[in-house]
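Input: a single structure, listed below in structure tokens.
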Amino acid sequence: SSNEHSLNFWKSKELCLGYIQDAMLQKQWKRAAEFLAFYIESLEKDFSTEYMGPSEMIWRIGTEILCNHSHSNIRGFNSFTEQMKTLGVKRYLKVCLEHAFHLLCNGLIDEAYQNLSLAESWRFGEQTVVQDKEMKLIQAYRGLLDYYSWSKQKDILLEYEKDGFEDLSVEQEMHSCFRKAAVNLKEIIKIPGVWDLFVKSYVDLLEFYGDHHEAQEVLSEYAYNSKFPANPNAHVYLYQFLKRHGASKKSLVSALKILHDIVPSHELMIDFNTMLQKSKKRKRRRLGLEVIFAALDYAGWKENVKAWSCLARQVKQIVVSEKHVDWIKQEWNSRKDWWPAFHFSRYSAKRNWQDNESLSYGKALVAGVLLGKDCKYFKYVSHHGCKAQVKRFRTLKKFVNKHS
Amino acid sequence: RDFNERCAQCSEVNWGLTDGGRFYCRTCHNVIERTREVINAEAISNARIQTISKGLRNQKKTEEDWEWYVCEGFQLVLKKQAEALEALGVCPQMKDEILCNFWRRYLQKSQQAYCNRPTGEAVKALSVCDSSADMDSEPERPSLLHLLSLSESDGDLQTDCSFASSAGKVSENTSMCSGSIDGRLYLKKNQKEKLRMSMPMTLSFCYMALLWLREPMTLSDLLRFVVEGHIPYFNAYQHFPEKMKLYGLDLRIFCVESWPVYEEVHNKMVELAAFLDLPRFPDVTESCFLHPDMLCMKYLMEANLPDELHDWTRRVVKKTCIGEADFLTLTPGNKSTRAVKYDVLAAAVIVVVLKLLFLLDDHYEWLLSDFSAERNKNDKEAEGGPCFEFKKWYKVIKCSLDVEQKKLDEERAKYVWRCEKPLFYSVKKKSKVFRRRQMVENLQNQFGKLSGSVQPAERPNPSSFQLSWSEENTDGTCFHGHSLKGILQEKRGLLTALNPDYWLCTVKLCNEKMCGHLAHYKEVDFPQSYHFVLRLFSFLLRMQPSCIHEEVCVIEHKLFNKKLYKKPKYYAGLRK
């Protein structure tokens, strides 16, 4: 309880904001709206040059409340946002952008497009220059929506083609969307940043129109330009592109290698390992082993059947060939302290056996080879496996007995 | 007759008065806006308003706004405040006589410095019958007449204003920076000026008038009514007539954006009383509401404490001599006595009594409470009501206090500062301001609807009591009728407290001149029970606990004066 008995305008508004904040944190939207209604009169005294003045507060808080309140509708939101736009020239484009986002989230794509187009044509002397970043974003998003229209047109066209129709107007529409989209998308991905969706869209456009060279340029730039923040997705896109266009093994491997370095637990590691295992080059096979072991270090992979079968296969192959067993030893060295508890406990043996036979098979093989036939995991699984008279477990038992 | 400006049309100086009180040029019959009212406004408080309300202005065709002086504005504010007080039950004499007189006296005293001209200038003598001519239409105000015919100071008044108005630069200044004629002048710091009028000072005026009449309203009551909206203050200017435009610098004078502060209003009042050379105020005697015996009774009720405590407050008041008329009555200009804050004094007395009886050291009061609880258990059909149990009282009060404080805190966050009349600094910005106001209203509407509940901007009905307790409640939450027998004992035929100890809030009082206060308060240095009691009265009086604490210290030092200054070795735990 406050012991202060004096009060002035700004102190009172500060207290009001406190109540709004509490209400919002507790998701009490009605109460937040109630207090916001009392805060609003501070707009008449908004002469401050502070960054977070009343106008900004009201815009942010009001938007949040309108988004979450059960009784609010899009019309109310629109009228509110339009008023917010008039409140401050300095944040005009920002408000427009956020408005467009909100409309998009609510599926109102056409409205969002209109908003963005309107915003794009806004000019206000010096401010246009100062708010350049927002303008670029607005153009980029408009470009994205153009891409979306293009995509729809393309689907229509393809449908028509299937039925043997031709429609020039649709085609022209499609091409014009392409042009509009391409211009804006190209611009935005020049700026260092994370533009996954934009890049994908742009590449899609380029591919459709056959400009593979440009597409590869774009993707390489996105993945390898050091000015851009490290982004695993960039490498994924590049890899997928290369794969689509039948690129050499070498380039595929180099693309995925970087991905392995950044995100060893990426799902593409399975593909990577598979590809590497098959390779004739020793170095690559060695890398493959490294890759699969690294992936299985992560908890998310503990019960991944494919991963375990990859590892099992490779381990089996090495052991059988009796070459490069030291590779296994090297990988196992740093893991022998914690993998047993992590993967091969009796509890997980029981679980794995109950849930997924193949999983337990793969794991058992690895466990048996690495830890010997007396390890808990192997014992449990092979015991149950043989009991259930599943053929492969019997062979497994023999195998392990031979090679651990 | 005393107006010397040249007629705009014919350049003659030959003025007469129309029936409506307007000046007209006898030569060319040009009627001007200037009226008798404007010149005499400072002298006759209500006359002009009366004339306006009589509809004489309706004959006017021109749409010009009035020219007005800042002190006219304050006069209007005071009038509205007085009306509001009358509506609250204050006697009409306050508005019609006392406040009027105080204000007039203030104008007289301050006009010498106000008009920025050397006081030695020759003044045109004016016949008093000028004013009496107007007075004919208001026979119901003989007292005003009487005061008007006071000495030469009135003459100064009239000349001053006519001088100022004929200065000629008037209209230029008005349109630029303020709606009032002298807004800019008013805000300029003027060394010669003492006690320049301000909005908080209007409350000082009101309180001074209330005090003169010994009305049953303390300053904390007054300020609380202001904050609750029963007395015009924050947006008092909205009562100005339509033609009295207010903008620009006027806003800085008349637009208030902070709650009035007790200390400030009180200090100004004392200063004002001295400035006006007022004599000793009417005596505050035992039958007055403001006398500590009376106020203690009120506060005891409000604090839900047993009526029996009143004997104890009377004893303390008597012993410390704070019930003497000489002590309590305000004598302006007497710097050796502190002006008494009646409400704080009464609250402090109660706190001292509680300390005397319960010690309030976070141990003893609970012990006593348990003891009383035992007695109550064994003796259910006690005569004279059950024993007062501090613990029960604490629980009940704490509960209510927390609830009320929470409400108050929310009210502070929801306080509405703006009124319906939008303000603007310059005519250019007017449209922008109006648009902004429109937006504000739209948004308030939108979010008000989303807030779920209907929002009736209901002001609480003004009441003198913020907390009330009724003995009819069967839940036992009213302690008025409880008895103190559980904590008292008989010694030599006198009832004394069981509690033998007392701790002083402070051993030595500060030097007021050096640090502004006689004592300082930090919550952590004192027992929680003491803090609780302070908190209770802090809420009731809407003042900082430190203010009450200070007064407690002063009373304690009076009460234990002999012991303190005879035997300085005793500190805490003095025996009574």
Side-chain angles (χ1 to χ4, degrees), chain A residues 1-23 28-47 54-55 58-59 61-62 65-66 68-73 75-87, chain B residues 220 223-224 227 234 255-264 401-402 404-406 408-419 422-425 433 435-453 455 523 531 534-535 538-539 541-547:
Chain A
S1 71
S2 72
N3 270 327
E4 273 287 311
H5 287 279
S6 59
L7 191 71
N8 64 34
F9 184 89
W10 286 115
K11 176 93 183 137
S12 153
K13 293 313 169 198
E14 194 185 311
L15 290 170
C16 195
L17 277 180
Y19 280 96
I20 296 177
Q21 182 182 31
D22 285 342
Q28 294 171 335
W29 303 108
K30 288 202 181 127
R31 191 168 154 89
E34 185 187 338
F35 279 92
L36 184 63
F38 286 101
Y39 181 75
I40 282 170
E41 66 172 3
S42 63
L43 272 183
E44 292 191 9
K45 288 197 43 118
D46 191 6
F47 308 126
S55 303
I58 290 172
W59 169 45
I61 295 174
I65 293 178
L66 288 172
N68 290 294
H69 195 288
S70 46
H71 289 324
S72 87
N73 53 32
R75 247 186 64 211
F77 184 87
N78 283 341
S79 99
F80 172 74
T81 309
E82 289 303 326
Q83 288 183 80
M84 292 299 107
K85 285 181 190 170
T86 66
L87 269 186
Chain B
S220 57
L223 296 181
R224 186 164 53 86
V227 158
F234 295 100
C255 194
V256 188
E257 287 190 343
S258 53
W259 282 7
V261 178
Y262 188 106
E263 299 271 348
E264 190 190 328
L401 191 58
D402 286 344
E404 294 299 315
Q405 185 72 56
K406 188 158 174 241
L408 183 60
D409 288 338
E410 283 200 11
E411 272 164 36
R412 282 155 57 90
K414 288 188 186 172
Y415 203 75
V416 178
W417 298 88
R418 290 264 162 276
C419 71
L423 303 166
F424 43 92
Y425 271 93
V433 167
R435 263 185 288 129
R436 188 54 73 97
R437 168 58 63 105
Q438 190 67 48
M439 184 194 295
V440 164
E441 282 175 9
N442 286 346
L443 291 173
Q444 281 173 334
N445 216 354
Q446 183 173 16
F447 287 99
K449 287 206 189 107
L450 287 178
S451 67
S453 55
Q455 292 281 329
E523 187 184 330
H531 176 70
L534 279 188
R535 206 184 118 207
S538 170
F539 170 80
L541 299 182
R542 303 294 168 89
M543 293 178 73
Q544 292 299 87
S546 52
C547 293

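The basis for the numbers below is simple: all heavy atoms, side chains too, and nothing from hydrogens, waters or symmetry mates. Throughout, a chain's letter reflects where its sequence line sits, starting with A, and its residues are numbered from 1.
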[X] portion near chain A, given a 4.5 angstrom heavy-atom threshold:
X: B/Glu441; answer: neither
X: B/Gln444; answer: both
X: B/Arg437; answer: both
X: B/Phe539; answer: backbone

With chain B as the partner, which of [options] has the greatest number of non-hydrogen pairs under 4.5 Å?
options: A/Leu15, A/Ile40, A/Leu17; value: A/Ile40
options: A/Thr86, A/Ile65, A/Leu36, A/Ile58; value: A/Leu36
options: A/Lys11, A/Lys13, A/His71, A/Arg31; value: A/Arg31

Task: Segment of A/Leu87 engaging chain B (4.5 angstrom heavy-atom cut-off) - done: both
Task: Structural part of A/Phe80 lying under 4.5 Å from a heavy atom of chain B - done: both
Task: Step-by-step side-chain contact (heavy atoms from CB on, under 4.5 Å) determination, A/Leu7 to B/Val227 - done: CA-CA 10 Å; A/Leu7 191 71; B/Val227 158; over 6 Å; no
[atom2] on [Y] to [atom1] on [X], rounded to 0.5 Å:
X: A/Ser79; Y: B/Leu443; atom1: OG; atom2: CG; value: 8.0 Å
X: A/Ser6; Y: B/Gln544; atom1: OG; atom2: CD; value: 6.5 Å
X: B/Arg542; Y: A/His5; atom1: CZ; atom2: NE2; value: 7.5 Å
X: A/Gln83; Y: B/Gln438; atom1: CD; atom2: CD; value: 9.0 Å

Task: Residue among B/Val261, B/Asn442, B/Val416 with most heavy-atom pairs under 4.5 Å to chain A - done: B/Val416
- [ ] Return yes if some donor-acceptor pair links the side-chain N/O of B/Arg418 with the main-chain N/O of A/Ser42 below 3.5 Å, else return no.
- [x] no
Open item on the list: For A/Ala33, is there any backbone N or O sitting under 3.5 Å from a side-chain donor or acceptor partner on B/Ser451?
Closed with: no
Considering all heavy atoms, the nearest [X]-[Y] contact:
X: B/Phe447; Y: A/Gly62; value: CZ-CA, 3.7 Å
X: A/Ala37; Y: B/Gly448; value: CB-N, 4.1 Å
X: A/Leu43; Y: B/Met439; value: CD1-SD, 4.2 Å

- [ ] Report yes if some heavy atom in the side chain of B/Glu410 is under 4.5 Å from a heavy atom in the side chain of A/Phe35; otherwise report no.
- [x] yes
